[in-house]
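All remarks here apply to the structure that follows.
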Amino acid sequence: MSVRVRFAPSPTGSLHIGSVRTTLYNYFLARKDAAGRLILRLEDTDQERLVPGAIDSIYDGLHWFGIRWDEGPREGGPHAPYVQSERLPLYQARARELVAGAAAYFCFCTKERLAQMRAAQQARGEITRYDRHCRDIPPADAAARAKDEPHVIRLKVPEEGTVGIDDLVYGHIEWPLNAIEDQVLLKSDGFPTYQLAVVIDDHDMKIDPIIRGEEWLPSTPKHLLVYQAFGWTPPPHAHVPNVLGPDGKKLSKRHGATQVDEFIREGYLPEAMVNFLALIGWSPGTEEEIFTIDELVTRFQIEQVHTAGGKWDRDRLDWFNGQWIRRLSDDELLRRLDAFLPAEWDRGLVRQVVPLIKERMRTLAEAKDQIAFLFGDRLEQDRSLLVPKKREPGDTVTALSRATVALRFLDPFAPERIEQAIAAVAADVGWTVRDLTIAIRAAVTGRKVGPPLYESLALLGRARALERLEAAQELIG
RNA sequence: GGCCCGGUCGCCUAGCGGUCUAGGGCGCUUCCCUUUCAAGGAAGAGGUCAUGGGUUCGAAUCCCAUCCGGGCUACCA
């Protein structure tokens, strides 16, 4: 039996980083098995929460990560359609089947009555749960009323007993039936609830195993009961722990960026995100840290997934990102950088600085500020940076003017020659090379830190370098 | 409140009854390298394995209780 796994997002917004983690685990398993299949299914049964464009952003986000799947809304497949709102007749027929078999029943309670009931239960300090008011209406009467009265279909949960699963991650878990209410399966608008749709779809699409977030654990008994009602055998389940915010709660917008497109915009690499994400809640059991997505496919074992939630650690993500940036070839890095730099910046020149800033970047977005001095003629100089600590303005002007002279006729205007020239000037004026480079860097780049100075000067070109050195002398004086 | 899950350095984690005086990575500190900043290299601080009881010759590892944290508790998913 080959692996058939799925990820089933609701198109209620853009892709959340936590669900990407779960999707990654599904992906690893699907690719590990040569005959494995990954299925994308859209769970849009809540029509009120639909967000237009969400489907596109799910597709874009997943593709960005390098995740490919085999069956889905746009890809088609043997179990189409893969969008729940297009499968309505299926759910309705199945729900009626359950009613006919006395495993479910029509319920005519209004939302108002349910609200009142809940309020009363709460006031009495009881568990809030459907009181099974409609459970014992004679089936014939109920069927007749259902013809023209608004209604839902509820599952007839057995009075006692237990249901349980052997979760691939959490092990054996059991729930007493008396804690489970008669779940709504089909809403009054004819749409299925998640609980019904997910079971029918996973069954029809032959999903095995089901891998999903830990937050679904409490609704597993409800699903199990639906499987039972249909007489189906539930597939193996694997729940994976949540990705948590710094406060230990489920990662959400109030913890900062959580959407894939935000990370793309901030200049994170998919390689780094995959690597980082995979290691929250799973470990290969070795001391290695850096993995490509393909390596993860071969290493990943669902049984090694943890039971405890893991916190999101931005510093660690940044470290992974730096690692992956440094693993890129210069040409590849140039390609990735493209979207983060103004279109008018000369790519030939950018290509030449790339090696100089490669190990100075943690995100792609940082590159722009680091190399901006190379582009355009105007440069904002900061007088306070121009004069090194413990040096006099006058001496600085002298040093800078000597450097200007030394660089003017240097041939070629290349890093090694520049280095020699600057060393000579430093010796000449009795300054440390360090202090002299501080002043020159400030003059030429306007900043305190940046890529290596001699290479930067060479790339800047003699004309602009001299111009800026002279401007700096004026500014000080 | 009820049900379920969890608890190893600040964070991600190794560990699955003895090799643990608890290992690695991030972050932090110091040093080396050095034209700045990084990167890289080296060293270091940091954990009474939530707590208390058992079981055992032996427990981070098994059992129980307690505490703390989280999730769920909808005609949301």
If you check every side-chain atom of [X], which of [options] has the closest atom?
X: A/W319; options: B/C26, B/U35, B/C37; value: B/C26
X: A/D46; options: B/C75, B/U35, B/A77; value: B/A77
X: A/R434; options: B/A77, B/U13, B/U36; value: B/U36
X: A/W175; options: B/A77, B/G25, B/C3; value: B/C3
X: A/E455; options: B/G25, B/U35, B/C75; value: B/U35
X: A/Q195; options: B/G7, B/A77, B/G25; value: B/A77

* Asked: Does A/D201 pair with A/R87 as a salt bridge, N-O distance under 4.0 Å?
  -> yes
Requested in this report: Report yes if a side-chain nitrogen or oxygen of A/K311 is closer than 4.0 Å to either non-bridging phosphate oxygen (OP1 or OP2) of B/C11; otherwise report no.
Outcome: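 Yes, because at least one side-chain N or O of A/K311 sits under 4.0 Å from OP1 or OP2 of B/C11.
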- Item | 5′-ward residue of the pair A/T437/A/G281 relative to RNA chain B |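 Final value for this comparison: A/G281.
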- Using heavy atoms to find the nearest nucleotide of RNA chain B for A/C107 and A/E289 separately, return the residue whose nucleotide is more 5′.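 Nearer the 5' end of the strand: A/E289.
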* To do: Would you verify whether the NZ or CZ of A/R41 falls within 45 degrees of the ring axis of A/F7 while also being under 6.0 Å from that six-membered ring's centre?
  =>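 That pair does not qualify as a cation-pi contact.
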> Quick one: does A/S188 reach the base of B/C75 with a side-chain donor-acceptor pair under 3.5 Å?
Replying inline: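 Per atom types, the contact qualifies.
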Worksheet item: Do A/R118 and B/U73 have a side chain to base donor-acceptor pair shorter than 3.5 Å?
Response: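 Flag unset: no donor-acceptor pair detected.
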If we count only N and O atoms by modelled type, under 3.5 Å, do the side chains of [X] and [Y] hold a donor and an acceptor together?
X: A/N178; Y: A/E159; result: no
X: A/H16; Y: A/Q259; result: no
X: A/S329; Y: A/D331; result: no

Under a 4.0 Å heavy-atom criterion, the protein footprint on nucleotides 62-71 of chain B, written with B, S and -, is --------SB
Partner of A/F276 under ring pair (Phe, Tyr, Trp, His ring centres under 6.0 Å), picked from A/W312, A/F291, A/W324, is A/W312
Note to self: Classify A/I173 by what it touches in the nucleic acid, base, sugar-phosphate, or nothing, heavy-atom distance under 4.0 Å.
What the structure shows: sugar-phosphate
* To do: Quick one: label A/R447 by what it contacts on the DNA or RNA (base, sugar-phosphate, nothing), any heavy atom closer than 4.0 Å.
  =>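 No contact at all - A/R447 keeps every heavy atom at 4.0 Å or more from the nucleic acid.
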